[in-house]
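Remarks on the structure that follows.
Each residue takes its place number in the sequence, starting with 1. Remember, it's 1-based here, ligands and their atoms both numbered in the order they're listed.
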Amino acid sequence: MGNFIEEINRRRTFAIISHPDAGKTTLTEKLLLFGGAIHIAGAVKSNKIKKTATSDWMEIEKQRGISVATSVMGFEYEQYKINILDTPGHQDFAEDTYRTLTAVDSVIIVVDVAKGVEMQTRKLMEVCRMRKTPVIIFVNKLDREGRDPFDILDELESELKIAVRPLSWPINIGQRFKGVYNIYEKNLNLYTPSKQVVTESVEFRDIDNPELESYIGQSDAEKLRADLELINGVYPEFDKAEYLKGNLAPVFFGSALNNFGVKELLDCFVEIAPSPKPVNALEREVRPEEEKFTGFVFKIHANMDPNHRSCIAFVKICSGKFVRNENYKHVRSGKMMRFSSPTAFMAQKKSVVDEAYPGDIVGLPDTGNFKIGDTLTQGEELHFKGLPSFSPEMFKYIENNDPMKTKQLNKGIDQLMDEGVAQSFISQYNNRRIIGTVGQLQFEVIQYRLLHEYGAQCKWEPISLYKACWIECDDEGVLDNFKKRKHQYMAKDREGRDVFMADSSYVLQMAQTDFPEIKFHFTSEF
Ligand code: G4P
């Protein structure tokens with residue numbers, strides 16, 4: 001038992017999130033280097049995905065296929081077992097990222113020092129805030145010209161709506177970048193712009209020590225002392241409890257490309273980041289140290305090869321020990337299932353695992369039994385919460401283009417929705433099916449996959465919609481009245497819940513003003 005608890009406590013399961021190009025891939029790679037999981041830079045993956053940009057989605061899908069290998073990257077670092085969950089770089093697959101965030105215990109956000117907080121970062125932070133996920137921020141690319149670090153801190157605070165506390169501080173920037181002072185460990189790290197070598201650091205407990213000048217010169221030494229004084233005056237001491245509650249984000253500065261400031265980040269991360277936390281199910285709270293195994297599917301990766309309609313379901317283990325070849329209950333179907341070849345990725349190698357612990361992710365080969373959000377247990381009827389659908393941003397009517405293949409089309413749509421490719425709604429006004437996505441690409445992906453995997457042809461017809469929101473009201477009468485009055489805007493989601501589909505922000509605002517008793521939700525879980 002002691003061993004089991006230790007296994008849980010030493011796990012750190014997290015995701016790195018950023019706006020494309022801020023340096024997520026580079027940072028991931030450096031972390032893997034520290035863990036000895038890879039030995040050369042450039043080994044993680046080509047990040048052509050986002051570079052081929054919006055048009056060539058086949059290429060993107062191919063890359064996504066490859067990226068199964070990097071879906072979960074496990075490695076050992078000191079006494080810790082670290083699991084990094086990868087998130088797609090392309091913003092049209094943001095929904096994948098949202099769901100991945102439901103399976104992590106903490107997050108590292110990468111921000112480009114020249115660009116500050118960008119759109120994608122802001123959106124992802126909203127999801128973290130909703131779930132109270134602890135975040136650490138890494139301000140990247142200090143080797144380039146960028147903004148004043150105090151400015152960046154202000155922007156992080158106001159744009160990400162979270163209190164911040166710098167734990168390291170840059171000494172100059174761009175061409176004059178000399179290194180960072182590690183506030184947390186009180187040492188000075190001098191910058192050597194080499195891409196592979198882990199930098200040495202000098203212990204520097206007393207910043208007033210005149211030796212500082214000999215390392216970084218007089219003017220930078222004075223500036224550093226003044227900056228640190230200001231920091232200590234403005235920002236309260238770092239409070240780990242506040243970080244764990246998701247209220248406070250420690251901030252580090254560095255250059256991922258040059259492997260600078262990354263070790264400081266990693267060392268602090270393993271120390272302060274949470275081990276697997278209790279997870280809420282509809283029925284009760286499930287604690288990781290419980291003896292019986294439970295887990296949920298947060299991601300399904302389909303094989304694009306039409307000859308093998310197989311996929312991998314990624315399961316996050318919430319409690320107990322997962323054991324290969326044991327019988328587990330698939331709660332939604334009530335069926336018992338056995339998995340003879342669950343896989344995990346350790347140090348970049350995919351292998352069959354015999355057992356896995358809370359915080360770990362196992363990949364289960366599947367032929368269409370699983371759906372996002374499904375729960376596996378040792379018999380208990382449990383339904384994990386926290387896998388909300390997010391309000392889609394683009395909508396189209398989907399129509400059948402081949403009347404002989406209606407059955408295939410419906411089956412295909414159902415399975416693709418189960419996989420979480422997009423969301424489907426039925427308009428209560430005209431009974432037509434509406435598909436909602438977060439990116440244009442999904443429409444193309446759906447059309448292609450319906451044809452190639454299900455032999456069904458669909459066509460898209462435009463519909464002008466602004467937002468879909470789930471509605472709720474304690475007063476049945478008011479709700480009924482609303483639905484009658486707004487009949488033309490009403491739809492049902494796949495679970496039969498009421499969704500209000502506003503065609504403009506004006507219509508949404510009017511509805512909110514006219515019906516103050518009704519709650520409008522932008523995620524399906526509330
Ligand atoms: P992403 O996954 O967040 O999208 O970003 P990625 O790591 O791919 O980094 C985006 C670009 O920024 C890459 O350059 C990468 O080399 C560069 N970069 C990352 N960290 C740093 C840093 O600390 N300093 C500097 N100067 N650049 C950094 P690229 O030219 O787009 O790609 P590549 O050809 O260099 O791989």
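Proximity annotation for atom 17 (C) of ligand 1: of E145, H19, K141, K141 comes nearest, heavy atoms only.
With a 4.0 Å cut-off on non-hydrogen atoms, K24 touches ligand 1 through its backbone as well as its side chain. If you look at L27 next to ligand 1, there are no close heavy atoms at all, none under 4.0 Å. Residue contacts with ligand 1 for S255 involve both N, CA, C or O and side-chain atoms from C-beta outward (heavy atoms, distance under 4.0 Å).
Of all the atoms in ligand 1, the ones that sit under 4.0 Å from a non-hydrogen atom of T25 are 1 (P), 2 (O), 7 (O), 8 (O). For ligand 1 and T26, the ligand atoms under 4.0 Å from any heavy atom of the residue are 6 (P), 7 (O), 9 (O), 15 (C), 19 (C). Atoms of ligand 1 found under 4.0 Å from any heavy atom of L257 (numbered from 1 in listed order, with element): 16 (O), 20 (N), 21 (C), 22 (C), 23 (O), 24 (N), 25 (C), 27 (N), 28 (C). In summary, the atoms of ligand 1 found under 4.0 Å from a heavy atom of S18, numbered by their order in the structure, are 3 (O). Those atoms of ligand 1 that come under 4.0 Å of a heavy atom in A256, given as number and element, are 23 (O). Close contacts of ligand 1 with P20, meaning ligand atoms under 4.0 Å from a residue heavy atom, involve 4 (O).
A salt bridge is absent between K81 and E76: the closest approach of a Lys/Arg side-chain nitrogen to an acidic carboxylate oxygen does not fall below 4.0 angstrom. Ion pair E393/K123 flagged as a salt bridge, since at least one NZ, NE, NH1 or NH2 atom sits closer than 4.0 Å to an Asp/Glu carboxylate oxygen.
The ring-ring contact (aromatic ring centres under 6.0 Å, His included) search around F443 returns W460, not counting sequence neighbours.
The aromatic ring centres of W169 and F150 sit less than 6.0 Å apart.
Here the side chain of K178 pairs a donor or acceptor atom with the backbone of I216 at under 3.5 angstrom.
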Decide side chain to side chain donor-acceptor pair (under 3.5 Å) for E355 and Y357; before the verdict, give the C-alpha distance in whole Å, the side-chain angles of both, and the deciding distance to 0.1 Å. CA-CA 7 Å; E355 51 182 49; Y357 293 90; 3.1 Å; yes

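Under the 30°/60° scheme for interplanar angles, the aromatic rings of F298 and F296 are found to stand perpendicular.
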